[in-house]
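Each chain gets a letter, A, B and so on, in the order its sequence line appears, and its residues count up from 1.
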Amino acid sequence: MKIQAIRGVKDILPGEIEAVQRLEQAARSIFESFGFSEIRIPIFEVTELFARGIGATTDIVEKEMYTFEDRDGKKITLRPEGTASVVRSYIEHQLYLKAPVAKLYYLGPMFRHERPQAGRFRQFYQIGIEALGTDRPAMDVEVLAMLSAVLNQIGVTEVQLEINSLGDSVCRPEYRKTLKAYFKTYLSQLCENCRRRYETNPMRILDCKNEGCRAVTAKAPSPLDHLCADCLVHFQQVKDGLNQLKIPFVVNEHLVRGLDYYMRTAFEVTTTKLGAQNAIAAGGRYDGLVKELGGPPTPGIGFAMGVERIALLMERMETPKPDIFFALLGEEAVRRMLPVTIQLRGEGVRVEMDYSGGGLKKQMGLSDKLGARYTLIIGENELKAGKAMLRNMADKSQTELSLSELAQTLPERLRKT
RNA sequence: GCGAGUGUAGCUCAAUGGUUAGAGCACUGGUCUGUGGCACCAGGGGCUGGGGGUUCAAUUCCCCUCACUCGCCCCA
């Protein structure tokens with residue numbers, strides 16, 4: 001039996017990883033310019049954290065978690081998302097005492113036992129942020145501006161930002177009642193799934209894609225018409241802020257996030273290019289979560305970006321090519337030049353060389369194949385004359401360099417062109 | 001969890017119920033013994049995903065299984 005990667009997990013190979021790296025670099029630098037700091041959270045946690053944080057009736061908790069017992073019999077789960085862990089850490093280390101607002105970002109793998117398909121894996125990568133400690137709409141705007149900046153930076157522009165407000169602990173229970181009353185008369189027209197949601201989480205019916213359900217939800221009372229005064233003002237200020245920053249968005253009153261903890265602002269960035277997996281980033285405000293997990297009442301907002309999905313929208317990028325290839329003929333040349341290659345590499349020059357001991361023709365071929373800009377040729381003749389031949393691979397011009405000064409002259413030459 | 005499709009060389013794909021399963025690209029070597037891309041020539045590579053069945057004979061037909069892809073669901 002062949003050993004291979006388990007279902008739904010994937011190697012990201014050279015040629016594919018470059019887009020991921022660029023996304024990560026762009027995110028890091030933009031997040032940090034917004035004053036966010038990285039937090040490295042564990043890949044597994046006690047199961048209860050996710051059950052309570054994400055919501056016991058969500059699909060993630062009900063059927064998608066990688067949960068098992070460790071050797072002590074403790075129930076642990078591979079993290080299906082990052083927010084719960086960040087909040088746990090925030091509470092555990094009392095970060096609320098250190099600054100009025102904690103602005104954190106994280107990146108790394110998440111695990112969900114789902115059926116894999118395009119843009120959906122069982123181990124997938126997210127880059128996420130959380131801002132804990134303020135419920136000001138300005139933070140919602142800032143967070144969305146930051147997300148938008150990252151996507152712009154990496155050239156992912158044909159996407160749509162959808163936002164909605166889900167109400168808070170004041171108006172949401174009222175709305176929920178109104179919604180249930182409305183759906184009650186249409187129960188028979190709803191899909192099986194939604195009939196269950198009617199009991200557990202009626203708002204989820206709003207974003208069901210089933211045709212029958214859509215017909216019913218089209219005329220359903222909108223959450224936006226049932227916001228309390230505070231939520232209404234908050235939502236309006238978020239929209240105003242986005243307009244002021246000229247960040248395009250559409251209000252989607254049927255947007256309901258799949259995790260229980262969201263309140264007020266909820267948003268999604270979607271694309272039409274990835275089939276059924278149209279969400280490339282999503283998030284929202286979760287003002288009740290910190291308290292729910294045992295911390296002081298603390299508002300918060302965050303989002304997560306789907307790394308693989310965004311990478312699929314980015315242009316494929318080349319793996320870095322060598323600056324220079326050392327074509328060395330004979331053991332003596334290898335012996336003499338090895339320290340030079342190490343020194344140059346220490347200065348950040350990408351140096352490649354031949355490891356097979358082949359002839360010059362073969363080494364030139366390898367240099368060409370690797371895409372080196374220059375090839376440095378050193379054989380017996382050069383050693384005797386104290387020279388090295390530097391060949392520009394693009395225009396075939398060659399110049400002689402003094403062997404003893406290579407370490408000084410080469411970086412200079414490579415920088416010039 | 002449900003439905004559909006596809007599994008043949010490293011990659012993209014042919015082929016046929018019947019001799020030794022082919023091509024292009026890639027790879028290795030040569031033409032060209034110290035100068036790359038081009039061209040020509042040669043070569044290495046395959047339990048045709050795995051198992052079972054039908055058959056004189058299966059890569060081909062049937063069943064099971066595994067994997068991948070796409071959709072449903074859900075989500076990033």
Any chance you could list the contact pattern along nucleotides 31-38 of chain B? Use B for base contacts, S for sugar-phosphate-only contacts and - for none, protein heavy atoms under 4.0 Å, 5' to 3'. -B-BBBB-
Classify every nucleotide of nucleotides 66-73 of chain B by which part a protein heavy atom approaches to under 4.0 Å, writing B for the base, S for the sugar-phosphate alone and - for neither, in 5'-to-3' order. -SS-SBBB
For the rings on Y90(A) and Y96(A), is their centre-to-centre separation under 6.0 Å? yes
Quantified in whole Å, what is the [atom1] atom distance between nucleotide [N] and nucleotide [M]?
N	M	atom1	value
rG3(B)	rG22(B)	C1'	35 Å
rU19(B)	rC62(B)	C1'	27 Å
rC64(B)	rC25(B)	P	41 Å
rC38(B)	rU20(B)	C1'	34 Å
rG18(B)	rC61(B)	C1'	15 Å
rA14(B)	rA9(B)	C1'	13 Å
rC11(B)	rU16(B)	P	23 Å
rG45(B)	rU28(B)	P	16 Å

When you measure from the centre of the six-membered ring of Y198(A), is the NZ or CZ of K180(A) closer than 6.0 Å and no more than 45° off the axis?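 Judged by the rule, K180(A) and Y198(A) form a cation-pi pair.
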Atom-pair distance ([atom1] on [X]; [atom2] on [N]), nearest Å:
X	N	atom1	atom2	answer
I60(A)	rC75(B)	CD1	C1'	7 Å
K362(A)	rG29(B)	NZ	C1'	9 Å
E308(A)	rC75(B)	CD	C1'	13 Å
Q363(A)	rU28(B)	CD	P	13 Å
L147(A)	rA76(B)	CG	P	13 Å
L255(A)	rA76(B)	CG	C1'	14 Å

Between S165(A) and T265(A), is there a side-chain donor-acceptor contact under 3.5 Å, judged purely by atom types and distance?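 No, because no side-chain N or O of T265(A) sits under 3.5 Å from a partner of the opposite role on S165(A).
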Between the side chains of N278(A) and T271(A), is a donor N or O closer than 3.5 angstrom to an acceptor N or O?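 No, no side-chain donor-acceptor pair sits under 3.5 Å.
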Should [X] and [Y] count as an ion pair when the cut-off is N to O under 4.0 Å?
X	Y	result
K362(A)	D354(A)	no
E45(A)	R79(A)	no
E114(A)	R122(A)	no

In terms of heavy-atom contacts, does [atom1] of [X] have more than 12 from other residues, nucleotides or ligands at under 6.0 Å?
X	atom1	result
L13(A)	CG	yes
R195(A)	CZ	yes
E331(A)	CD	no

Kindly assign one of parallel, tilted or perpendicular to the pair Y66(A) and F111(A), based on the angle between their ring planes and the thresholds 30° and 60°. perpendicular
With distance as the sole test, does E268(A) use its side chain to make a donor-acceptor pair with the main-chain N or O of L255(A) at under 3.5 Å? no
Could you write out RNA chain B as dot-bracket? Rules: Watson-Crick or G-U wobble, both distances under 3.5 Å, brackets [ ] for crossings, | for pairs with another strand, dot for unpaired. (((((((..((((....[...)))).(((((.......))))).....(((((..]....))))))))))))....
